[in-house]
Each structure stands twice: as structure tokens, then as C-alpha cells.
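Reading through the C-alpha cells given below for one structure.
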Amino acid sequence: MTSSLLEGLNPQQLEAVTLPDVSALILAGAGSGKTRVLTTRIAWLIQTGHASPGGLLAVTFTNKAAREMLTRISAMLPINTRGMWVGTFHGLCNRMLRAHHRDAALPQGFQILDSQDQLSLVKRVMRGLGIDEERYPARQAQWFINGAKDAGRRASHVDTPDDFSRRLRDVYEAYDRQCQQEGVVDFAELLLRAHELLTRNEVLQEHYRTRFRHMLVDEFQDTNRLQYSWLKLLAGRDNAVFAVGDDDQSVYRFRGAEPGNMRHFERDFAGGRVIRLEQNYRSHGNILDAANALISHNRGRLGKNLRTSEGSGEPLRVYEAPTDLDEARFIVDEIRALRAEGVRSDAMAVLYRSNAQSRVLEHALFNAGLAYRVYGGLRFFERQEIKHALAYLRLVANPEDDGALLRVVNVPARGIGARSVESLQETAQTRGISLWQAACAHAPSGKAGASVATFIRLIEGLRASVAGLPLAETVQAVVDASGLKDFYQSEKEGADRIENLDELVNAAAAFNAEEVYDPNAPGGGVTDPADPTAALNAFLAHAALEAGEHQAGVGEDALQLMTVHAAKGLEFHAVFVSGLEEGLFPHENSATEDEGLEEERRLMYVALTRARRRLYLTFAQSRMLHGQTRYNVASRFLGEIPAALLKRVNAPVVRGFAGGAFGIPARVSAPAAEPMGGNGWRVGQGVTHPKFGQGVIVAAEGRGADARVQVNFRDAGMKWLALEYARLTPA
DNA sequence: TACCTCCACGTTTTT
DNA sequence: CGTGGAGGTA
């Protein structure tokens with residue numbers, strides 16, 4: 001009963017879980033039991049009759065988080081969680097749009113574009129408009145469109161201060177028109193369209209407002225403007241929004257997250273009801289002290305200090321390596337030692353700022369014969385062969401989908417080359433019809449026309465033969481009939497791809513069992529059961545919205561390698577934060593503006609708070625990056641951690657310190673300090689500049705009149721200087 | 001149409 | 001250094 005549900009909660013957690021029907025902001029620090037509070041709150045609301053399972057909405061950013069929430073709820077309550085509106089923003093909006101596709105002006109079987117699909121559609125549209133791809137990179141246009149949508153703006157409402165943005169606005173407009181014609185929506189469109197649906201349709205708005213008396217939001221600091229607006233719209237004046245987040249862990253500003261939403265929320269919803277969860281159940285004291293000290297350098301925080309009832313534990317271990325290879329070697333040695341002590345590999349993680357850093361580490365681990373797993377990279381539904389198969393399925397579900405047609409019209413090769421496709425595109429363009437219609441009605445003459453006709457017959461034959469079949473058999477039929485298998489049979493990488501195609505059939509079978517036959521499942525029950533392609537559409541939406549695992553879960557007990565971003569939300573017994581160098585972490589692209597630097601610091605805060613017991617901070621004096629050796633100084637973040645919490649685990653040859661314990665790394669004489677092309681300067685050398693003062697040369701490039709050096713100045717920071725002009729004198 | 005070479009580029013990323 | 005995309009050639 002209630003008592004068992006609430007057992008073991010600390011006073012703040014208890015207060016949050018048992019709040020009355022009001023909005024509140026829960027400032028949940030790292031490791032403070034955030035997910036537990038969220039799920040217990042839901043269970044408590046249901047158990048005490050404050051809400052029915054169908055009367056609340058819980059929204060997360062990832063499918064994983066949504067799944068975990070559902071799992072925990074069903075462990076706490078004997079209810080069927082299937083009908084509950086628990087999911088990602090995109091998943092819930094998809095569900096809403098499927099249910100009201102008419103009101104949202106979408107075809108019943110609308111398809112969802114992932115970023116890849118979106119980019120190719122943007123490219124296609126830009127080519128159609130005859131836009132110079134040199135001056136207007138498609139990526140940038142895509143970024144522009146998504147940025148506008150995330151801010152809730154249609155092309156007609158976008159700010160266009162200059163010709164450049166006017167041109168991008170045109171692309172946006174044409175792109176949206178094309179999406180509408182093809183019956184496809186991108187990720188941001190799911191949210192924007194759902195928002196517009198609710199704004200315009202007061203009946204629906206009232207329906208959902210009356211229904212969702214309680215709304216719960218996870219990772220609130222990551223919401224963007226549109227998501228915030230969506231929540232506000234659904235909440236109306238009366239509903240209770242329970243927002244859980246941590247402004248110190250906001251690390252997605254670069255993709256539109258508005259950490260300021262937390263402050264707005266306090267004003268717009270919470271009426272000052274803010275509960276802080278500061279008791280940490282994860283880390284030893286020294287780790288938390290380090291994290292608290294570091295993050296205190298940020299301004300404008302909502303304010304929060306983590307504490308633990310555990311002891312201080314060990315000091316943080318700092319290792320300074322001469323090179324990135326030595327850094328990797330050190331990490332390998334330590335992991336071996338930890339394993340010998342009985343620590344499992346999967347309880348240890350090596351974190352880095354950018355993916356490029358994983359290579360050296362992987363190399364060292366591979367040579368040492370240590371099992372590891374790298375997060376990131378291609379995911380299941382993003383694989384080429386899977387995208388091909390899905391494109392066939394999309395064509396079966398919706399022949400107007402030009403993107404899908406273009407993807408597979410000639411895969412495997414069936415004699416419909418670039419010329420034929422171009423001719424189809426011309427016809428489609430001039431008549432304002434889809435490629436499919438163009439292909440049906442105006443096939444090119446001769447041999448090419450025959451090929452097009454064969455393709456049309458293939459798809460139509462598939463559609464007919466698949467009607468009424470269960471999903472898995474549909475997928476099987478498409479995989480078989482498309483010729484993809486034969487196609488990959490002859491490829492060298494083919495074996496894996498064929499295996500993946502088989503795996504797609506399995507995924508369809510599993511999906512079938514779990515979701516589609518449940519009338520309340522997202523994407524399942526809300527589609528018309530009489531619609532023969534309902535199951536297929538639900539599966540295709542699933543494929544787009546949940547791209548699957550990053551990598552097959554091969555290594556059972558493997559060391560975890562990932563970016564700091566990817567580590568958010570995870571915890572490990574031992575954590576290595578590697579590459580702690582100026583320019584890398586904080587990254588040089590972020591260090592120029594305050595906002596960027598503060599986000600880097602939050603990222604570092606996330607990194608530190610991943611560790612339960614042991615934390616290593618490592619950096620290298622020199623590192624191979626982009627094909628050349630770079631000489632970096634230690635990250636300023638090391639200097640922001642009280643020295644008393646740190647312990648150096650190597651004995652470097654100290655030559656000179658400037659600006660605190662880690663201002664300038666100790667430097668070994670050779671081979672790190674190399675002479676530079678006979679111009680009298682070398683990396684590692686101390687210099688004085690008339691304006692910037694004292695510093696150390698950390699990198700150099702070019703020669704003769706082009707020669708430039710990067711100098712880390714004690715006071716002025718990192719600068720690139722042209723040797724021809726800069727009046728440098730040896731220090 | 002398939003392969004190959006050259007060139008540009010190089011935070012972070014879920015949906 | 002390594003990759004991925006584009007464009008050119010067999």
C-alpha cells in the first residue's frame with residue numbers, strides 16, 4: 001500500500017512524491033533518485049486516486065527512459081501500463097497525430113523522416129529550386145529548418161534580416177510543401193504539427209486538457225521552446241505539471257535546449273514550488289566535493305549542492321601523460337589492475353569529449369586484449385540495408401513517398417539509372433505529382449520505360465500479396481521480393497547485411513507481439529484496426545522514432561567507452577575522464593563565449609558525477625589530432641577542483657608552473673618539445689608578448705611568412721599569432 | 001555503372 | 001590521420 005510505496009524516501013523525495021495537485025519544479029541533482037521520485041509520484045497519484053492511469057501524461061526525451069519508467073511503474077502497481085501516455089515528446093505527438101490525422105491535415109499513413117531522410121529531402125528540394133549548394137550547404141538549411149520549427153515558427157514567420165536567410169526561408173517553405181505532398185513529417189514537425197493541432201482545434205485542446213490533469217516531465221532542462229510551449233498548452237490553467245530536471249546537467253543547448261525554461265517554469269507554473277533533491281546516493285564525498293566546487297564557477301544557477309552520507313573515499317587521481325598514447329596506456333594498465341581487484345569491466349567507463357578520441361583508446365584496448373564497447377555510431381534502423389528494406393515497406397504503405405522511391409528504385413540495379421530518374425522528376429515537377437504517379441502515367445519510352453513498369457509491378461504486386469498478412473510476414477515478403485538479399489549476396493560486406501535483414505523480420509515479429517495488437521499502445525490502437533496497413537505504419541513509425549541500440553550488445557562484460565554526453569544518466573564504479581586539455585575539454589569552439597564555456601563546465605560536472613567510487617582525470621601534453629600533433633595545456637577545469645581532493649599518480653618532470661597547479665602542464669624535455677622549422681621558436685617555449693604578457697607556445701603551423709604559433713597566455717588565454725607580425729620575445 | 005581517386009573536413013546528438 | 005562525399009574515368 002501507500003506505506004510500502006513511500007518507504008525509504010528521504011524527506012525531500014517524500015515531499016515531492018506526495019505533493020498535492022499543483023505544479024512543481026523538482027531540482028534533482030545527479031544521483032539523487034530522480035527516476036525513483038518520478039515513478040513513485042506516478043504510482044502514488046494512481047494509488048491514492050489523484051489520477052487514473054489514463055488521466056496522466058509522462059514525457060521523456062529517450063525511449064529508454066520511457067521504457068524504464070513503465071517498467072518501474074508496473075513493478076510498483078498491479079496495473080496494465082499499456083494505455084498510459086508515457087513516452088517521448090515525439091512518440092506522444094505521433095500518437096496524437098495518428099489519432100487525429102484528418103484534423104492535422106495528414107494522410108492516415110503519414111511516414112516519419114529521420115535526420116538522414118530529412119537531409120536528402122532538403123537536398124532534393126534545393127536542387128529543385130536551383131540553389132547553389134556551395135553557398136548554401138544542405139546541412140545548414142536543415143539546421144535552419146529544424147531550428148525554426150523548434151522555436152515554433154513556420155516559414156512565413158521566420159526572421160529574414162538578409163538575403164541569405166531569405167533564401168533559406170524559401171527552402172524551408174518549399175521543403176514543407178514537399179513534405180505535405182509526400183505525406184511525410186520530420187521529427188520537429190511531429191511536435192509543431194501537434195502543437196498547431198491543439199492550438200487551432202479547441203475541442204481537442206479541451207479534450208486533452210480535461211484528460212491530463214497531471215503531466216510529468218523528465219529531464220526538463222533539455223526542453224526546447226516548442227516543447228515548453230506544448231506543455232504549457234496542454235497544461236492550461238488548471239493542470240499540474242511535475243517537472244524534474246537539473247540545470248547543472250543541461251548539455252544540449254547546442255541543439256535547441258533552453259535551460260532558461262527552468263526559470264520560466266518557476267514563474268509560469270510552479271508559483272515558487274521548488275523542491276531540491278540534494279542527497280546523492282551514488283558517489284563518495286570527494287567526488288561530490290569536486291563536482292560542487294567545479295560547478296560553482298557557473299553563474300545564474302538555480303542553486304544546489306550535492307551531499308552524501310557516505311565517507312569521503314579516495315582522492316581523485318590525476319594523471320598527466322606525455323602523449324595521448326601514453327594516456328591510453330595508463331588507462332589500460334589501471335583497468336587491468338582494477339580487474340585484478342575484482343572490478344567488472346562493465347562497471348568502468350572511459351569518457352571523452354569527442355568521438356575522435358576513442359580511436360587511440362580502442363587501439364590500446366584491442367592490443368591489450370581487453371573487451372570494450374563503444375557507444376555511438378550506426379544504429380540498427382539507420383543501417384543502409386535496413387533503410388532500403390524500410391523504403392520498400394514505405395512505398396507499399398504510401399506510394400507518394402518520393403524519398404522512399406528514390407532510395408530503392410534502382411537498388412538492386414534494375415536499369416533505372418540517373419537519366420530515367422531525372423526524367424521522372426521532371427514530369428513530377430511540371431505536373432505537380434508524385435514520382436510514383438509520374439512513373440505510372442508517364443513512364444519513359446523504350447527500355448527504360450519497361451524497367452520502370454517492372455518496378456511498379458513489383459511494388460503493386462507486393463502491396464497486393466501482403467494485404468492481410470501479419471506484420472512479420474509482410475516484412476519477410478518485402479525482403480524476399482525486393483531482391484535485396486540477392487543484391488547483398490554478391491557484396492563483400494553482404495553477410496552481415498543479410499543477417500540484419502533477417503533481424504529486421506525478427507524485429508517485426510517482436511513488435512507484432514508487443515504493440516500492435518494492444519488497442520491502447522502508441523501507434524497501435526489509435527490507428528484504424530480495419531486499415532490493412534495499420535500494423536505496418538505503426539512499425540515504420542517505430543523504426544523512425546526508435547532507431548534501436550547503438551551496437552549489438554555483444555560484449556557481456558566489456559569496458560564502456562563513450563562521450564560525456566552519452567554517459568549522462570549512467571553511473572560506474574570507476575570512471576576515467578580523458579583528454580582534459582584546453583581546446584578539447586573545454587572544446588575550443590565553445591570556449592569563446594561564456595554560455596559555451598558554462599555548458600562545457602556542466603558537461604564536466606556530468607562527467608565527474610558519473611563515478612561512484614573511483615575517478616581518474618587524465619590529460620596529455622601532446623596529442624595527435626587531425627593529422628598533426630597538438631600541444632595542449634591542462635584543462636582549466638582541473639584548476640577549478642580543490643587541490644586537496646586531487647592526487648597526482650605520476651611524477652612528471654616539472655619545469656615550470658604558471659597560473660596555478662594546472663595552469664601549464666609539466667613538460668618533459670623530449671620528445672614533446674620539438675624545434676620548429678628553424679625559425680628559432682619551439683613548442684613548449686616560454687614567450688612574452690607586449691600586449692598579452694607571459695605565455696607558452698603550445699602549437700605551431702605553417703612556415704615562412706605563414707608561420708603561426710598558438711600561445712597559451714597566463715592572463716589572456718589561448719591565442720594564435722602570426723610570427724611575422726607578433727612581437728614575441730623569449731621569456 | 002562501378003570503382004577509384006582526390007579533396008575537404010574534422011564537438012557534442014535524440015527523436 | 002581517417003573518413004565520407006563528390007566527381008571523374010574505365
Side-chain angles (χ1 to χ4, degrees), chain A residues 59-66 87-94 112-120 123 133-134 137-139 142-143 146 149-150 185-192 194 218-219 222-224 226-227 250-257 324-325 351-360 362-363 375-379 381-382 384 410-420 490-492 541-548 550 562-569 579 583-592 596 599-600 602-604 606-607 623-630:
Chain A
V59 61
T60 63
F61 276 86
T62 66
N63 293 295
K64 196 175 152 208
T88 62
F89 278 102
H90 296 85
L92 297 178
C93 287
N94 173 53
I112 300 166
L113 302 180
D114 68 15
S115 320
Q116 285 177 38
D117 301 331
Q118 185 189 33
L119 183 63
S120 43
K123 279 183 182 161
E133 290 175 58
E134 294 277 286
R139 285 213 147 278
Q142 182 185 26
W143 190 80
N146 289 336
K149 289 190 178 185
D150 285 346
V185 299
D186 58 55
F187 288 135
E189 182 72 22
L190 285 170
L191 301 187
L192 184 52
D218 191 17
E219 304 280 12
D222 289 338
T223 50
N224 63 31
L226 181 54
Q227 287 157 342
S250 161
V251 292
Y252 286 109
R253 205 176 62 99
F254 72 93
R255 67 170 194 217
D324 49 348
L325 274 85
L351 309 184
Y352 34 81
R353 176 64 180 82
S354 63
N355 287 305
Q357 289 166 250
S358 75
R359 188 171 299 121
V360 187
E362 285 185 68
H363 196 78
Y375 285 76
L378 263 199
R379 304 163 76 185
F381 286 109
E382 291 168 356
Q384 183 204 86
N410 204 32
V411 180
R414 47 172 72 87
I416 307 175
R419 303 165 309 283
S420 314
S490 56
E491 234 192 24
K492 39 189 187 304
H542 166 81
L545 290 175
E546 183 162 9
H550 261 306
M562 64 190 87
T563 62
V564 181
H565 281 96
K568 195 170 145 228
L584 252 195
F585 198 0
H587 196 274
E588 52 200 346
N589 297 359
S590 310
T592 44
E599 177 140 318
E600 295 288 310
R602 292 193 290 269
L603 204 46
M604 179 68 176
V606 168
R623 175 179 301 277
M624 189 66 122
L625 203 66
H626 305 330
Q628 50 177 307
T629 308
R630 299 201 358 170

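Because only heavy atoms are used, hydrogens play no part in the values below, and waters and symmetry mates are left out as well, while side chains stay in. Only a predicted model underlies this, so the values are computations on that prediction, with no experimental measurement involved.
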Which atom of [X] lies closest to which atom of [Y], heavy atoms considered:
X: A:L545; Y: A:N63; value: O-ND2, 3.0 Å
X: A:L192; Y: A:L226; value: N-CD2, 3.6 Å
X: A:D222; Y: A:S250; value: OD1-CA, 4.3 Å

| Euclidean distance for P, C:dG4 against B:dT13 (whole angstrom) | 15 Å

| field | C1'-based separation of B:dT12 from C:dG5 [nearest Å] | value |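 Per the computed distance, 22 Å lies between those C1' atoms.
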
Rounding to a whole Å, what distance do you find between [X]:[atom1] and [N]:[atom2]?
X: A:E382; N: B:dT13; atom1: CD; atom2: P; result: 12 Å
X: A:R139; N: B:dC9; atom1: CZ; atom2: P; result: 13 Å
X: A:Q628; N: B:dC9; atom1: CD; atom2: P; result: 16 Å
X: A:Y375; N: B:dT14; atom1: OH; atom2: P; result: 13 Å
X: A:L226; N: B:dT14; atom1: CG; atom2: P; result: 19 Å
X: A:L190; N: B:dT14; atom1: CG; atom2: P; result: 17 Å
X: A:H90; N: B:dT15; atom1: NE2; atom2: P; result: 9 Å
X: A:Y252; N: B:dT14; atom1: OH; atom2: C1'; result: 7 Å

| query | How many angstroms lie between CG in A:L190 and CG in A:L92, if you round to the nearest 0.5 Å? | reply |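 If we round to the nearest 0.5 Å, A:L190:CG and A:L92:CG are 11.0 Å apart.
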
| Rounded distance [0.5 Å steps], OG1 in A:T629 versus CG in A:D324 |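 It is 8.0 Å, given to the nearest 0.5 Å.
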
| message | Looking only at the aromatic ring of each residue, does the gap between the centers of A:H565 and A:F254 stay below 6.0 angstrom? | response |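 So the answer is yes for these two rings.
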
| task | Using a strict 4.0 Å threshold on nitrogen-to-oxygen distance, state whether A:E600 and A:R353 make a salt bridge. | result | yes

Consider the side chain of [X], meaning its heavy atoms from C-beta on, and name the nucleotide among [options] that approaches it most closely.
X: A:R379; options: B:dT12, B:dT14, B:dT1; result: B:dT14
X: A:H565; options: B:dT1, B:dT15, B:dT13; result: B:dT13
X: A:R353; options: B:dT12, C:dC1, B:dA2; result: B:dT12
X: A:R255; options: B:dT12, B:dT15, B:dT13; result: B:dT13
X: A:T88; options: C:dC1, B:dT13, B:dT15; result: B:dT15
X: A:H626; options: B:dT15, B:dG10, B:dT12; result: B:dG10

| request: Determine: side-chain N/O of A:N589 to OP1/OP2 of B:dT12, distance under 4.0 Å, yes or no. | output: no

| For B:dT13, does either OP1 or OP2 sit under 4.0 Å from a side-chain N or O belonging to A:T563? |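 Answer yes for this pair, as a side-chain N or O of A:T563 is under 4.0 Å from OP1 or OP2.
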
Assign [X] to base, sugar-phosphate, or nothing according to its heavy-atom contacts below 4.0 angstrom with the strands shown.
X: A:D150; answer: nothing
X: A:D222; answer: nothing
X: A:N355; answer: sugar-phosphate
X: A:F89; answer: nothing
X: A:F254; answer: base
X: A:Q118; answer: nothing

| query | Pick the nucleotide of DNA chain B nearest each of A:E588 and A:N410; which residue has the one closer to the 5' end? | reply | A:N410

| Just wondering, do A:F381 and A:H542 contact through their side chains at under 4.5 Å, heavy atoms? | yes

| query | Can you tell if the side chain of A:Y352 reaches within under 4.5 Å of the side chain of A:V564, non-hydrogen atoms only? | reply | no

| query | What string of B, S and - do you get for nucleotides 2-10 of chain C, 5' to 3', if B is base contact, S is sugar-phosphate-only contact and - is no contact with any protein heavy atom under 4.0 Å? | reply | S---S----

